[in-house]
Amino acid sequence: MERHAVIEIGQDLITITHRPDTVFVSGQGAWLTDEGGKRHLDLVQGWAVNSLGHSPALITQALLAQSQRLLNPSPAYYNRPLLDLARRLVEVSCFDRVFLASSGAEANEGAVKLARRWGSRMRGGAHEIIGFEQAFHGRTLAMMSASGKPGWGDLYPPMPGGFVKARFNDLASVEHAMTPRTAAVMIELVQGEAGVVVADRGFVRELRALTAERGVLLIADEVQTGIGRCGHAFAYEHFGIEPDVMTLAKGMGGGVPLAALLCKEAFNCFLPGDQGGTFCGNPLMAAVGLAVVNEVCREEFLAGVRERAAQLSAGLQAIARDHGLVGERGLGLLRALVLPSDNANEVVAAAQALAPVGLLLNAPRPHLIRLMPALNISAAELNEGLALLRRALRQVLG
Ligand SMILES: *Cc1c(COP(=O)(O)O)cnc(C)c1O
């Protein structure tokens with residue numbers, strides 16, 4: 001078919017969402033540059049993916065070195081970066097075993113499979129997974145069922161079954177949902193897509209006790225919260241608990257597709273052939289993950305994240321006071337500013353349109369601005385971001 005003379009941006013893509021007409025061509029640290037040469041301070045960072053900012057030398061060097069050494073010998077064989085990253089993850093976490101994958105949804109699918117395998121072998125066929133209202137676990141069919149996003153339960157019927165919902169921060173509703181069929185409870189310790197809703201510490205500790213007492217697995221979906229994002233290597237540390245199973249993705253790859261499923265030795269129950277994937281454990285991505293984990297999970301680095309988090313929180317509180325907003329919330333460098341009305345999308349657009357430099361923000365809910373800067377953003381860059389945010393808010397809210 002003949003092409004139109006003028007090619008509109010995105011005309012060749014299957015339509016999945018609304019995007020601004022900006023084409024980004026390069027990124028460095030906290031900054032992105034578009035085709036027109038305009039720079040944007042990026043507080044989205046690929047949805048909390050670029051933990052070390054755009055194109056850090058640590059990652060480009062790991063990619064270059066590994067790409068020249070070995071791309072993929074197949075998951076049927078061991079490779080050195082796979083073994084080294086697994087070892088490092090075991091060292092920095094409370095877990096004993098690791099499976100690498102490429103996306104958060106894929107890691108979560110693995111967690112559900114592991115729970116069902118364990119339920120079928122150890123708990124008389126228990127297979128149900130209790131999740132939470134408003135939760136987000138990814139976009140595969142099963143993870144849409146596992147998520148609690150309104151409308152997702154029947155978007156592509158028939159949806160996979162075996163997923164039950166409880167109310168977040170409500171232990172009685174979890175107890176109510178628990179039956180002999182329950183294999184696991186799956187939770188985001190900070191619900192990201194729901195609007196950066198931090199679980200109550202007491203609730204998480206009681207949930208840990210309840211699941212242990214009932215012999216039900218506790219799966220922490222740390223796809224967004226893990227690897228330094230919340231000021232600790234893992235968010236579960238903040239709550240003073242140890243899950244049985246955990247999933248990681250986003251920030252662990254620092255921008256490349258990499259995910260992990262981790263479990264305690266007692267739940268290492270896949271039989272040969274139960275789980276796999278062509279790209280699972282490929283050395284190219286594992287080499288990047290190793291570089292990221294080595295950098296982020298150092299105590300000095302994590303202390304820096306907590307410092308920037310305190311700065312961001314204080315800055316957002318000041319903005320909320322000055323503009324008469326509801327407030328701010330979050331854990332570490334995963335934070336949200338709560339607006340009094342549903343114009344978060346307007347603020348996002350106004351922020352990106354600022355000149356001479358734009359500001360990139362995310363609005364997971366109509367009244368909410370989410371901020372997920374690079375974990376190594378400088379204090380000066382963060383202050384510049386806060387100043388730009390004030391300008392965008394003044395334009396939209398007056
Ligand atoms: C982003 C996210 C996922 C899905 O990860 P993908 O890599 O997009 O599949 C799952 N769980 C949580 C908590 C997330 O934030």
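Counting convention: from 1, in listed order, for ligands and their atoms alike. All values reported here derive from a predicted model rather than from experimental measurement. Only heavy atoms go into these numbers, but all of them, side chains included; no hydrogens, no water, no symmetry mates.
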Quiz prompt | Salt bridge present between Arg116 and Glu128 (N-O < 4.0 angstrom) | solution = no

Exercise. Flag the pair Glu242 and Lys264 as a salt bridge only when some basic side-chain nitrogen lies within less than 4.0 angstrom of an acidic carboxylate oxygen.
Key: yes

Identify each donor-acceptor pair in which a side-chain atom of residues 278-294 lies under 3.5 Å from a protein atom, sequence neighbours left out, and give them as a table.
| from | atom 1 | to | atom 2 | distance (Å) |
| --- | --- | --- | --- | --- |
| Asn282 | OD1 | Leu284 | N | 3.3 |
| Asn282 | OD1 | Met285 | N | 3.0 |
| Asn282 | ND2 | Phe279 | O | 2.8 |
| Asn294 | OD1 | Arg88 | NE | 2.7 |
| Asn294 | ND2 | Leu290 | O | 3.3 |

Which atom pairs, nitrogen or oxygen on both sides, join ligand 1 and the protein at under 3.5 angstrom?
| from | atom 1 | to | atom 2 | distance (Å) |
| --- | --- | --- | --- | --- |
| ligand 1 | 7 (O) | Gly104 | N | 2.8 |
| ligand 1 | 9 (O) | Gly104 | N | 3.3 |
| ligand 1 | 9 (O) | Ala105 | N | 2.8 |
| ligand 1 | 11 (N) | Phe136 | O | 3.3 |
| ligand 1 | 11 (N) | Asp221 | OD1 | 3.3 |
| ligand 1 | 11 (N) | Asp221 | OD2 | 2.7 |
| ligand 1 | 15 (O) | Lys250 | NZ | 2.6 |

Practice problem: Could you note down all residue pairs passing side chain to side chain donor-acceptor pair (under 3.5 Å) where residues 224-236 supplies at least one of them, sequence neighbours left out? | Solution: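 Listed by first then second residue: Glu222-Thr225, Gln224-Arg370.
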
Exercise. Check Glu188 against Phe136 and note the closest heavy-atom contact, atom names and distance.
Key: OE1-N, 2.9 Å

Quiz prompt | Results of side chain to side chain contact (heavy atoms under 4.5 Å, CB included) for Ala314 - residues two or more places apart only | solution = none

